[in-house]
Amino acid sequence: MKKYFPGPSATTTAAALALTLALTLTACSQEPEADGSPGGALSHIHGLGVRGDTLYVATHDGIHTPDAAGRPTLVGDRRDDFMGFTVTASGAFLASGHPAPGSGGPADLGLVESTDSGRTWHEKSLGGEVDFHSLDTAPDSTVYGYDSTNGRLRVSPDGVTWENRAALRALDIAVSPAGSATGPATVLATTETGVARSTDGGRTFAPGEGQVLAYVSWGAPDALFGVDQSGVLFRGTETGTGAATGSGIRWDRVAAVPGGAPQALTVVDARRLLVATQDGVYESRDGGRTFEGRVMVTSGKGGH
C-alpha cells in the first residue's frame, strides 16, 4: 500500500484528553455498530496486536485481520466489543469489554483469553464485574488492567486472582518490559495532566505532568512511544524523577502519524510500531519516521 511521510501537526491539549476521558470512563455504547463500510473499512478501534507478521485489530465488532489487499476479515465468529486487548509474549490474546448485542451473558466480559489467535475465547476471571479499557503484561506474565468502571489499576499474577492497586483517572497504561528482577515494575498511565509514572508496580503514581499523551506503548526496554490526541508521535526516554522530565520520562517528538486523532498504539520494538487513526491502521518499520497503511478505517467514535 501507499507509503506516507508525516508532516507537521498541532500539539494536543489537556482539554482534549480530558474530554476523551470523560466520554470513555462513563460507559461504552451497547448499540450495534457495523464495523464496515463500502470497501470494508473498520471503525471504532480499541486495540492493536501482532503475532508474527499478522496484524490483529480489536474493535467494537470483534477481532479483525487484514488480507493481502488490506481488507479486514473477522477472526472467528464473536463480534464482542473488545475494549481492552493485548497479545502476550507467549502469543495468547487477552481482552475485555462487552458481549455482542443479543449474545447473552453479563454486560462486562471481565478478562477473556484466546490461545488460537482469536478464533475461540474462554473466560479467565471477573466476568460480569470488570470492563478493562487497557491491558498490558510484564515480562514475568503479570497482567495489568485498567478497570474503567472503578477507575483503578488491577494486577494479577495469573489472570485469575487480582489485587487492587492505585485509583486514578487514566485512558491508557503501559508496563516496562525491562523486567522486575530488581524490584516492582514501572507502570505509565496517560492522564489529562500528563503521563503519570509508578515505580512500585502501580501501587502509587506520581502526578501526571509534562507531555500530555493519549496512548503509550512500551514494546522493548529501548522502545517507549506515545501519541498525543492530535496524532503526533513521541519517543520516551527514562531520565529519573523531576517535573522537568515529566515524572522521569523525556518525550521527544518524532513525527505526525497520518490520519489525525489516534485510536490505538502498539509498539513491537524500537523500529516497528502500529497506530490506528481516524482513516487507517498504519505501520512504521523505521521508528515512526515513515508509515505505511495496513488497513482502512472510517471515522468512528474514537478508540477506547
Side-chain angles (χ1 to χ4, degrees), residues 1-2 4-29 33 35-37 39 41-49 55 57-61 64 70 72 81-85 133-134 146 148 169-174 188-195 208 210-217 225-236 251 253-267 273-284 288-304:
M1 297 180 72
K2 183 177 178 182
Y4 295 81
F5 295 87
S9 177
T11 302
T12 189
T13 64
L17 187 57
L19 176 60
T20 302
L21 281 163
L23 292 173
T24 58
L25 293 180
T26 52
C28 305
S29 172
E33 176 180 318
D35 252 358
S37 64
L42 298 174
S43 68
H44 207 160
I45 292 173
H46 301 309
L48 302 168
L55 167 65
V57 185
T59 78
H60 185 78
D61 193 41
H64 293 73
D81 181 7
F82 289 112
M83 297 299 299
F85 175 69
H133 275 206
S134 183
Y146 180 69
S148 65
R169 179 181 167 90
L171 181 61
D172 196 22
I173 62 169
L188 305 180
T190 60
T191 78
E192 59 199 78
T193 60
V195 178
Q211 185 64 49
V212 178
L213 299 172
Y215 304 106
V216 285
S217 183
F225 288 85
V227 62
D228 72 14
Q229 194 67 19
S230 66
V232 175
L233 181 72
F234 293 82
R235 186 164 187 167
W251 296 98
R253 188 186 191 278
V254 179
V257 182
Q263 300 191 56
L265 167 68
T266 290
V267 175
L273 55 132
L274 298 113
V275 188
T277 64
Q278 294 299 300
D279 70 1
V281 176
Y282 295 93
E283 180 172 6
S284 174
R289 290 187 292 275
T290 63
F291 286 86
E292 183 176 357
R294 290 291 306 272
V295 62
M296 291 175 59
V297 172
T298 57
S299 294
K301 300 175 184 176
H304 292 73

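Taking the side-chain contact (heavy atoms from CB on, under 4.5 Å) definition, one finds that Ala58 meets it with Ile63, Phe82, Phe85, sequence neighbours left out. The side-chain contact (heavy atoms from CB on, under 4.5 Å) test applied to Thr266 returns Leu48, not counting sequence neighbours.
Using bins of under 30°, 30° to 60° and over 60° for the plane-to-plane angle, the ring pair His44/His60 lands in the parallel bin.
Between Gly226 and Leu265, the shortest heavy-atom contact is CA-CD2, 3.9 Å. Scanning both residues, Leu213 and Val216, for their nearest heavy atoms gives CD1-CG1, 3.9 Å. Of all non-hydrogen atoms in Ala264 and Tyr215, the two that sit nearest each other are N-CE1, 4.1 Å. Closest of all the heavy-atom pairs between Pro262 and Gly231 is CD-N, 3.8 Å. Across all non-hydrogen atoms, the minimal contact from Tyr146 to Arg169 is OH-CA, 3.6 Å. Counting all heavy atoms, side chain and backbone alike, Trp251 lies closest to Phe225 at CZ3-C, 3.9 Å.
When atom types are taken as modelled, the side chain of Thr59 and the backbone of Ile45 share no donor-acceptor pair closer than 3.5 angstrom.
Leu233 contributes atom CG, which lies 8.0 Å from atom OG of Ser284 (distance to the nearest 0.5 angstrom).
For the residue pair Ser230/Asp228, the side-chain donor-acceptor check at 3.5 Å is satisfied.
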Task: From CA spacing to verdict: side-chain hydrogen bond (donor to acceptor under 3.5 Å, both in side chains), Ser134, Asp172 - done: CA-CA 6 Å; Ser134 183; Asp172 196 22; 2.7 Å; yes
